[in-house]
Every structure is written in C-alpha cells, then in structure tokens.
Amino acid sequence: MPTSEADRVPGGRTARLAVVDPATGEAFDDAPDQRPDELDAVVGRADRAWHGWRADPAARTTALRSAADAVEAAGDDLARLLTREQGKPLAESYAEVARTAARLRYFAGLAPRARRIVDGRPVRSELRWRPLGPVAAIVPWNFPLQLAAAKFAPALAAGNTMVLKPSPFTPLATRLLGSVLAAVLPEGVLTVVTGRAPLGARLASHPGIRHVTFTGSVSTGRSVAEAAAVSLARVTLELGGNDAAVLLDDVDVDRIADRLFWAAFRNCGQVCMAVKRVYAPARIHAEVVEALAHRAKTVVVGSGLHPDTRLGPVGNTQQLARVEQVTRQALAAGARAAAGGHRLDGPGCFFAPTILTGVPPDDPVVTGEQFGPVLPVLPYENLDEAVDAANGTAFGLGGSVWGTDLDRAEAVAERLECGTAWINHHAELSLAQPFAGVRNSGVGVAGGPWGLYGNLRPFVVHRPREEG
C-alpha cells in the first residue's frame, strides 16, 4: 500500500511496524506505526462523515450489501494475507473472510424499531433510536477480520462511523479490508489505524469517540474501560474465557472425541470461547485422555499455507512464551503430558498439541487462560464437584455439557455460570444470537439485534393526543 501523509513522522521519515509470519519467524512486510496525535484528524473525519451517513438508512443498507460483495470479491487476497500474518490454515482464513461478508449482510438487513409507549397519560409517546456518533473498535490478533466485522457491521448499520484499530501483530489484512471497504463506503465512514499500544489507549480516551468496543485480555480491557471513562464513552468488552467442557457418565467418547478435540484446538486453541479444560468422570478419564491424545499426536501441524495443515503456529512469540510457561509450570507441579508438552523444533512459533493429565486443580493452566494448543483433562468423582469446578474461576464466557441423555445434559448446562452453554458441541454461534460473558469475561452484549441496539441510544418523543 502506498505511504500516506498519515504514515509519516517529522523529518520525512516513515514510522513502520514490522509484521512477522509466525510460521517462519521472519518479518515479511510492514504497516504504518501511527502516532496517537494523528487521531484528532482521523476522528474529525469520522465526525464529519457521520452526519451524512446517519441521515439515509436506505443508502446505508445498499452500501453495506455492496461492502459484503466487495469482501467476497477480494477473498483470495484477504485470506492469504491473513494466513501469512496470523498463521491459521488457509481454509480457516477463507472461512473468516466469508464470515466477515455474512456479518455485513446480516446487519444490513436489520433496522431498529420504533415503539409506542402506553402508560395511561394523555400524551402519545414513542420510543425511537438514534446513532451515537463516531465509535472505536480495538481488535485482537486471533480473528482480526471476523472480530472487526463483529464490531463495525452493527455500528455502521446503526448509523455510526468507526475508527478501527487492529492488533500490531496482524495489521495487514485489516488494512487491506479497510481499502476494500473504502471503495464502496463514503469517505470517513470506516477508517483503519495501525500502531503500537499508545495508539489504542489514545483512541479509547479520545473525546470525539462515543463508544469503544474491545476484544482482548482482562487486564487490557480494564485499561480500555478506564480510558473511555475519561470522556464517559460507553464500552463493550469481550474479554477472556476459560470455558469448561463437562462430560457426563453416559457420554460416548468415540462419538464426541473429534468434536471435543476441535472445540479446544481450532485456530491452535487461540479462541476466546474454546474449550480450555475438560472434566471427565473418573471411570472414563483415561479413555478420554487417550482419545484426545491420539488426535493431538496425529494432527498435521505446519504452515497455514500448506494444504495438509490442520493446525498452524501460535500467533506470535509473546503468546508462544506464555504457552511454554504455563505448560512447564504444570509439568513441574506434577502434571503429565499424554501428548505434546513442548515447543517444536525449527523456525516459527510452533508448539506441539498438548493433552495434560494429573494437573493440580489450582494450577494456572486450569484456572487461567492458556490461549494455545494445551488442554488439561481432569477427573471427577461426582457431578456436583465437576459443576463447582467448572464455575470456580474468574471467567464465565461459555461452557458445554456432553452426554447421551439430552434432558439431563441440559439440566446440567443450566447450572453453568456463563453467557452461552452448548450441549454436545461448543463455540458455535449464529449471527442472530447474543454473545456475552459474566464476571471477568466481559461487559455488554454483541451479536444479533442486541449488537445493533448496543450501537444506538433511545430517543423519546411526546406529543399531545389532541390539539386544543
């Protein structure tokens, strides 16, 4: 992409941000490392664009559908670039691009509904909805395009404009997406900015931003909320997850093993709502460990560009170090690796898919969020014990129950303290459903009509029922 004036620093030197391919460990491109003080101009353009964008809902619908078409047309370039900078298998990158386009189409078809308020008074009151203004999104590196669309599609459909900041680990596909969308959206409606941490903090605290949506770690989420509080902007925070899978004593291990494995290891385990710990009845614990370990040992790990790859690398060196640390700590505390347990030899950020058994229940790999290809499997003697353990962390994003008796499984799912509970599957969401967590897993709701209304404010008009 050509360098713009916004990419430059005083003296004509261009500030750049190196982008590393996690499959090779080598930088292969770069992106602008924009300064926080450049945001005033960006937010100003978003504010000017907002007044026209908000005024014509029909034009917004047409533009967002055209945007979906443009994303699909650019699918090959977007998918390959996403795999280069994030590492996931190319098929998963194509799926992410498709989900991005689908989200644009879904929200293009939604519109807020006015509602008459009946309260017995001699006035006619009507609840209407208005957009907020310029809003901001700060997006992590695990699903850069999909999570960006989860934020900008409802925001734009509601009549807001957006400034979007991707992770400095994965800026390229998002910048390309921004260019694709710029060809079909009015100028200033969606602007992508890239840079290191101070840029995100300044964006969250900018007085011209009325809503900040963020996906990422709990600690960074707290910082975003504190920054947004300076201007009293509202926040939507999708934070960490430590989803538990509770297996019941009637579960058919052979039947569910593949689904359970991929619920934990899709995108190399770098999914906020992935299964991150499994609770299995003691009498079948060894069978569950063996089934999962077999899959961990035989899955093809490699570059996401290779057609046979099913698991790519960990997304970056910082996260790889985190995965290594929690695994070593668990092994030192008495855990055993039934599969994996170590970094793979050679270049890149590859870690062997790991199944841990004998893990102390208070070990950080159980109570925290490993966010990588490591899965502890813990035995339990009675179901109440398992449910208490599933609910016993600071997180509450999702959870699942696995068994043959669906009524019983649903009754157990009702006891999980989380935002979404699945039965015999995990981490599957439709565009039409809400997505939210409890406790440290987040604030606010995304997805479906709830995501649209989260980008609007209520406006009530009163008028007399009769004149004179």
Quick one: do I117 and E126 satisfy side-chain contact (heavy atoms from CB on, under 4.5 Å)? Show the steps, please.
-> CA-CA 6 Å; I117 299 172; E126 187 173 76; over 6 Å; no
Contact summary for V445 and P434, nearest pair of heavy atoms | CG1-CB, 3.7 Å
Residues at least two apart in sequence or cross-chain that pass ring-ring contact (aromatic ring centres under 6.0 Å, His included) with Y106, listed by chain then number, are none
Kindly check if the number of other-residue, nucleotide or ligand heavy atoms within 6.0 Å of CZ (R259) is above 12?
-> yes
In terms of heavy-atom contacts, A338 and A293 come closest through O-CB, 3.8 Å
Salt bridge between R408 and E410, side-chain N to carboxylate O under 4.0 Å?
-> no
Which pair of non-hydrogen atoms, one from T194 and one from P171, has the smallest distance, and what is that distance?
-> CG2-CB, 3.7 Å
Between T420 and W422, does any side-chain donor sit less than 3.5 Å from a side-chain acceptor?
-> no
Residues in side chain to side chain contact (heavy atoms under 4.5 Å, CB included) with A46, at least two apart?
-> P134, T161, V163
Taking all non-hydrogen atoms of both residues, which atom of R210 and which atom of P207 are closest, and how far apart?
-> NH1-O, 3.7 Å
Correct closest heavy-atom pair for P112 and L456 would be CB-CD1, 3.7 Å
Tell me, do I355 and F265 make a side-chain contact under 4.5 Å, heavy atoms counted?
-> yes
First locate atom CG of N440, then atom CG of L237, and finally report the distance between them rounded to the nearest 0.5 Å.
-> 11.0 Å
side-chain contact (heavy atoms from CB on, under 4.5 Å) assessment of D30 paired with L17 | CA-CA 5 Å; D30 57 29; L17 182 69; 5.6 Å; no
Short N-O contact, D69 and R105, less than 4.0 angstrom = yes
Step by step, would you call L199 with V193 a side-chain contact (heavy atoms from CB on, under 4.5 Å)?
-> CA-CA 9 Å; L199 187 68; V193 295; 4.1 Å; yes
May I ask you to check whether W129 and Y453 place their ring centers less than 6.0 Å from one another?
-> yes
Got a sec, which residues hit salt bridge (Lys or Arg N to Asp or Glu O under 4.0 Å) with E369, two or more places apart in sequence or on another chain?
-> K276
Can you tell if the side chain of L78 reaches within under 4.5 Å of the side chain of L177, non-hydrogen atoms only?
-> yes
Donor-acceptor contact present, side-chain T354 to main-chain A352, <3.5 Å | yes
Just do the side-chain contact (heavy atoms from CB on, under 4.5 Å) check on F169 and V20 with the steps written out, would you?
-> CA-CA 7 Å; F169 291 115; V20 173; over 6 Å; no
For R196, which residues count as a salt bridge (Lys or Arg N to Asp or Glu O under 4.0 Å) partner, sequence neighbours excluded?
-> D33
Charged N to carboxylate O under 4.0 angstrom, R99 versus E96?
-> no
Please confirm whether the backbone N or O of P140 pairs with a side-chain atom of S167, one donor and one acceptor, at under 3.5 Å?
-> no
V235 to A225 - nearest heavy-atom pair and separation = CG1-CA, 4.3 Å
Just by distance, with hydrogens left out, do T393 and T367 show a side-chain donor and acceptor under 3.5 Å apart?
-> no
Would you say P32 and R175 make side-chain contact, with heavy atoms under 4.5 Å?
-> yes
Which residues share a ring-ring contact (aromatic ring centres under 6.0 Å, His included) with F371, sequence neighbours left out = W141
When P376 is tested against each of V278, T357, V366 for side-chain contact (heavy atoms from CB on, under 4.5 Å), which residue passes?
-> V366
Heavy atoms, side chains only, cut-off 4.5 Å: are W50 and D47 in contact?
-> yes
Salt bridge (Lys or Arg N to Asp or Glu O under 4.0 Å) partners of D40, counting only residues at least two apart = R202
Do the side chains of R54 and R130 get nearer than 4.5 Å, heavy atoms only?
-> yes
Do R65 and L104 have side-chain heavy atoms sitting under 4.5 Å apart?
-> no
Supply the atom-to-atom distance L172 CG to L82 CG, rounded to the nearest 0.5 angstrom.
-> 10.0 Å
In chain order, what residues pass the side chain to side chain contact (heavy atoms under 4.5 Å, CB included) check against N391, with sequence neighbours excluded?
-> V387, L416, E417
Keeping the roles fixed (side chain from N267, backbone from N142), state whether a donor-acceptor pair exists under 3.5 Å.
-> yes
Residue pairs involving residues 374-390 (criterion side-chain hydrogen bond (donor to acceptor under 3.5 Å, both in side chains); sequence neighbours excluded) | D384-R415
State whether a side-chain donor-acceptor pair under 3.5 Å links T220 with S217.
-> yes
Rounded to the nearest 0.5 Å, the CG atom of N424 sits from the CG atom of L406 at a distance of 6.0 Å
Please answer whether the main-chain N or O of A228 pairs with a side-chain N or O of S205 as donor and acceptor at a distance below 3.5 Å.
-> no
First locate atom CG of L164, then atom OG1 of T191, and finally report the distance between them rounded to the nearest 0.5 Å.
-> 9.5 Å
Which residue pairs satisfy the side-chain hydrogen bond (donor to acceptor under 3.5 Å, both in side chains) criterion with at least one member in residues 232-244, sequence neighbours excluded?
-> H211-T236, T215-E238, N242-R277, D243-H426
With distance as the sole test, does T170 use its side chain to make a donor-acceptor pair with the main-chain N or O of P166 at under 3.5 Å?
-> no
Does W53 use its side chain to pair, donor to acceptor, with the backbone of L156 at less than 3.5 Å?
-> yes
F152 side chain near N160 side chain, heavy-atom distance below 4.5 Å = no
All salt bridge (Lys or Arg N to Asp or Glu O under 4.0 Å) counterparts of E85, not counting sequence neighbours | none
Between L248 and D405, is any pair of side-chain heavy atoms under 4.5 Å apart?
-> no
So how far is it from Q86 CD to L145 CG, rounded to the nearest 0.5 Å?
-> 10.0 Å
Can you list the residues that meet the side chain to side chain contact (heavy atoms under 4.5 Å, CB included) rule with R266, with sequence neighbours excluded?
-> E92, F143, V271
Under the side chain to side chain contact (heavy atoms under 4.5 Å, CB included) test, which residues partner R343, sequence neighbours left out?
-> L320, E324, F351
Is the backbone N or O of T100 less than 3.5 Å from a side-chain atom of Q146, with the two atoms forming a donor-acceptor pair by type?
-> no
Just wondering, are more than 12 heavy atoms of other shown residues or ligands nearer than 6.0 Å to CD in E187?
-> no
Nearest 0.5 Å, what's the OG1-CG distance between T309 and L90?
-> 10.0 Å
